[in-house]
Each structure stands twice: as C-alpha cells, then as structure tokens.
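The shown structure was predicted, so the numbers you read here are calculated from the model rather than taken from an experiment.
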Amino acid sequence: MRRPPRAPHTGPVSDWVLHVDLDQFIAAVEVARRPELRGRPVIVGGNGDPAERAVVATASYEAREFGVDSGMPLRLAVKRCPDAVLLPVDAPAYQEVSDRVMARLREFPVVVEVLGWDEAFLGATAGDPEALAAEIRRGVEEETGLSSSVGIGDNKLRAKLATGFAKPAGIYRLTQENWWDVMAERPTDALWGIGRKTAKKLAEAGYSTILGLAAADPDALAARFGPKLGPWYRLLAGGIGDAEVSATPYVARSRSRETTFQQDLTDPDAIASETAALARRVAQDVADEGRPAARVAVKVRFAPFLTHTHSVTLPAPSSDPAVLAAAAQDLLGRFAFGKPVRLLGVRAEFPRA
C-alpha cells in the first residue's frame, strides 16, 4: 500500500502534540528480559497456560503475522501460532519499565500526559517536531532498550492517528494540511473513537468513508445517533479534537473486577454468589479510592463469547458495600440466563467532575 503523503517537515516555531507509543510494549519487555526470544513469536496472556481461559494481552510482531492479536482467546492464539512462546502477564515488571519511560520523557522540554503503560501525549513547542521526536525515540531506547513510534499532530486526535502510520519504530506527522490527503477515503473505523460496530452502523446510514462522514448533515447524524454522539462523529471525521496536553495525574473514572471461570457457571445461586463476591471487592476498591460510586454495572459473558452489560445509577453516590452489592444483584435480574456463563464482572463508576 502506498504510504500517505507527509506534511512539510520544517516551519516556524509552533505548538505541537506528540503521541509516543512503545512498540509491542509487553512483548518487548519480555524479550528484553529473555534475549533468546528475539525474533521468535511471543504471546503474553493470563498465566501463560492455553489450557486455562484467558486472552492475549499482547503478541510480538512475529506472532501477529499468524493472525494473533490482543484480546484473542489464548486457545485460539495457540492454534494459529503453535510454535509461539507463551508467557504469563507480569504487571509489576511492565509498570516498572513504564515508570522509567515516563520519567525519561519528562526530561525533555515537554508536558507529559500519561495514557497508560505504553503511551503518552507530549505537548511541545518546536520549529522541527520531527527532530524532537527523533531525540525522544533515542532517549527511550537509551533508557530502556525499547523501540517507540511517535505521531506528530496539531491536536491529540491527529497525533494519535499519526502514530499508526509511524509504526513500527518511526515518526509521522498528520495535521490539517495533509488530513484529507491521508484520511478522506479511509473507512470511519480508522478514526480514534469509532470502533467496528459503530462504523457498521455509520455505513448502514450511508457514511462509509471519513470524507462522507465529514460532509454529513449534523442534524441527520443527531437524529440517528443522538444529539451528542452524532455531531461528535462529524467532528472526528474533520480531524477536529482537543489540543491541550495536561500533566495532571490521571484520575480513574471507575473501579472494576471480573473473573473468567475455567468451568462455565449454570447454577443461578453460584452466579449470584460470584457476583456478590466481585461487588465486595469493588466496594473495597471504592473505599480505598476515597470517592463514592455513582453507578454500578454488571458484565456477563455467555458461552461461547457473547458479552452483555447492564448498569444503573444509584439513588445517591455511595461506597457502602451493601448498597453496591444490592445494585449488582438487582442488575442480574436484567439478564436472560439461557446460556452458560464464562465471565462475570462488576464495575463501580465515580461521579463525573
């Protein structure tokens, strides 16, 4: 496929948003700890045992060539790539490396907004953002030995999308200047914030490309997709987004717990008991957070892999375990339990600021 055209590389000093994304982060950390795995297909997920129910946390590029991707059941991943090395998830190790990366990023003349273990937005003022991006890539590699990709944009949306064109181990600029050249004929799920299901609904409504969505009547979008989401989809298609990068620490919007069962649950009492146990754990998380919850949600994944979620707003924000557990139990009544249950989850959502 022809590489999309770049925006010019030089110009006056301006404000930029850079998106730094560590390439195949979890797999890369594992390979760094085990150099003998370099060049081999590596799959990380669960306890590393495909006989147990778990999903792929990440896969190395070598494993991805076999069609293995994040979120895929481990059993399926092993079928697609039988020679892969399977490893268990080691969250503390990934957090330690992530902390080192973010600390290194803060040594540059930028504002760092951490998005997760493996990515961050950087706010920067520069005349040559590509040169700054190259310095950042070198700094990350010197600190951790890990490869990264950097997207450059005039807002967060464009910087985030630019990283996709930069991968792996590259730099790419996407701005208003080259937005339509690069994005116009792409499907709507190429946008950050629009997934496959939404893209399918948009296509059914006649908006199959980004250009088509950008040209849509905002009133028609609002009528079909809601007064907030409809117009927002049109803004995304135009590449319009927030350009402010904040170093304010991330504040969780919710706390959740879930369990994947090695044997499907069919007994209603067992389902209720497991839900209550999850609600108690979430209630403890809420108490530790020091903020009451405003909503409670319950997720049920039926065999083979069909997921439904129901949620409810509490009469008043609460951190009382009894209140959260009662809400979770009430939500169970909204599900049609005609199939075995392979996963249960409970989530408590905090009030919006």
Side-chain angles (χ1 to χ4, degrees), residues 1-4 19 21-91 93-94 115-119 146-149 151 160-170 172 182-183 185-203 208-210 258 260-262 264 299 301-308 342-343:
M1 184 172 124
R2 184 174 64 85
R3 193 173 182 81
H19 178 252
D21 196 326
L22 299 170
D23 299 327
Q24 53 175 1
F25 173 63
I26 294 176
V29 172
E30 294 293 355
V31 171
R33 297 200 290 180
R34 302 172 176 82
E36 69 275 9
L37 298 182
R38 192 172 304 279
R40 299 182 61 186
V42 175
I43 299 173
V44 182
N47 293 319
D49 183 356
E52 295 184 3
R53 283 182 172 172
V55 297
V56 175
T58 195
S60 67
Y61 290 131
E62 292 82 3
R64 294 178 194 182
E65 291 179 0
F66 290 84
V68 177
D69 206 352
S70 299
M72 176 181 293
L74 275 183
R75 292 179 183 177
L76 176 57
V78 172
K79 287 182 179 179
R80 292 191 175 183
C81 188
D83 294 330
V85 177
L86 267 65
L87 298 173
V89 173
D90 187 351
Y94 313 143
L115 297 181
W117 276 340
D118 61 346
E119 60 178 328
L146 299 182
S147 169
S148 61
S149 299
K160 173 79 171 180
L161 294 175
T163 312
F165 298 119
K167 282 185 169 292
Y172 190 82
V182 175
M183 303 298 296
E185 299 306 318
R186 295 180 182 273
T188 57
D189 60 2
L191 293 166
W192 182 36
I194 294 183
R196 292 180 181 178
K197 291 183 178 180
T198 300
K200 182 179 179 181
K201 293 179 181 178
L202 287 167
S208 58
T209 67
I210 290 174
E258 61 182 42
T260 298
F261 304 103
Q262 298 307 313
D264 292 338
K299 177 170 71 173
R301 178 166 295 151
F302 297 98
F305 213 80
L306 185 64
T307 305
H308 293 288
R342 62 177 292 154
L343 176 148

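Two residues are said to be in side-chain contact when any heavy atoms from C-beta on lie closer than 4.5 Å; Ile43 and Leu74 meet this criterion. For the pair Val31/Val42, a side-chain contact is recorded, criterion being any heavy-atom separation below 4.5 Å from C-beta on. Glu119 has its side chain out of reach of Leu22: every pair of non-hydrogen atoms, C-beta onward, lies at least 4.5 Å apart. Here the side chains of Leu37 and Leu87 are in contact, with some heavy-atom distance below 4.5 Å. The side-chain heavy atoms of Phe165 and Val182, taken from C-beta on, include a pair separated by under 4.5 Å. At a threshold of 4.5 Å between non-hydrogen side-chain atoms, the residues Phe66 and Asp83 do not count as touching. Residues Trp117 and Ile26 form a side-chain contact, since some pair of their non-hydrogen atoms from C-beta on lies under 4.5 Å apart. Between His308 and Arg301 there is no side-chain heavy-atom pair separated by less than 4.5 Å.
Formation of a donor-acceptor pair under 3.5 Å by the Ser149 side chain with backbone atoms of Ala169 is found in this model. A donor-acceptor pair under 3.5 Å links the side-chain atoms of Ser70 to the main chain of Ala57, judged by distance alone. Between the Gln262 side chain and the Arg53 main chain, a donor and an acceptor come within less than 3.5 Å of each other.
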Applying side chain to side chain contact (heavy atoms under 4.5 Å, CB included) to Leu146 and Phe25, what does each step give before you reach the verdict? CA-CA 8 Å; Leu146 299 182; Phe25 173 63; 3.9 Å; yes

Are Phe261 and Arg342 close enough, and set up right, to give a side chain to side chain contact (heavy atoms under 4.5 Å, CB included), and what steps lead you there? CA-CA 5 Å; Phe261 304 103; Arg342 62 177 292 154; 5.8 Å; no

Report the C-alpha distance between Leu161 and Leu191 in whole Å, list the side-chain angles of each, state the deciding distance to 0.1 Å, and finish with yes or no for side chain to side chain contact (heavy atoms under 4.5 Å, CB included). CA-CA 7 Å; Leu161 294 175; Leu191 293 166; 4.2 Å; yes

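Smallest separation of non-hydrogen atoms from Ala166 and Tyr172: CB-N, 3.8 Å. The two residues Leu86 and Gly48 make their nearest non-hydrogen contact at CB-O, 3.6 Å. Across all their heavy atoms, Val56 and Ala77 have their closest contact at CG2-CB, 3.7 Å. Residues Ala303 and Asp264 share a closest heavy-atom pair of CB-OD2, 3.7 Å. Heavy atoms only, all atoms of each residue included: Ala27 and Ala59 are closest at CB-C, 4.2 Å.
Annotation: the span from Cys81 atom SG to Arg64 atom CZ amounts to 12.5 Å, rounded to 0.5 Å. With values rounded to the nearest 0.5 angstrom, Ser60 atom OG is found 11.0 Å from Arg38 atom CZ. Between the OG1 atom of Thr307 and the CZ atom of Phe302 there is a distance of 9.5 Å, given to the nearest 0.5 Å. Here the CD1-CZ distance, from Ile210 to Arg186, works out to 7.5 Å after rounding to the nearest 0.5 Å. One finds the NZ atom of Lys197 at 14.5 Å from the CG atom of Leu202 (value rounded to the nearest 0.5 Å). Glu52 contributes atom CD, which lies 5.0 Å from atom CG of Asn47 (distance to the nearest 0.5 angstrom).
In summary, Glu62 and Arg40 do not engage in a salt bridge, as defined by a charged side-chain N under 4.0 Å from a carboxylate O.
Listed by first and then second residue, the salt bridge (charged side-chain N to carboxylate O under 4.0 Å, His left out) pairs involving residues 21-30 are Asp21-Lys167, Asp23-Lys167, Glu30-Arg33, Glu30-Arg34 (not counting sequence neighbours).
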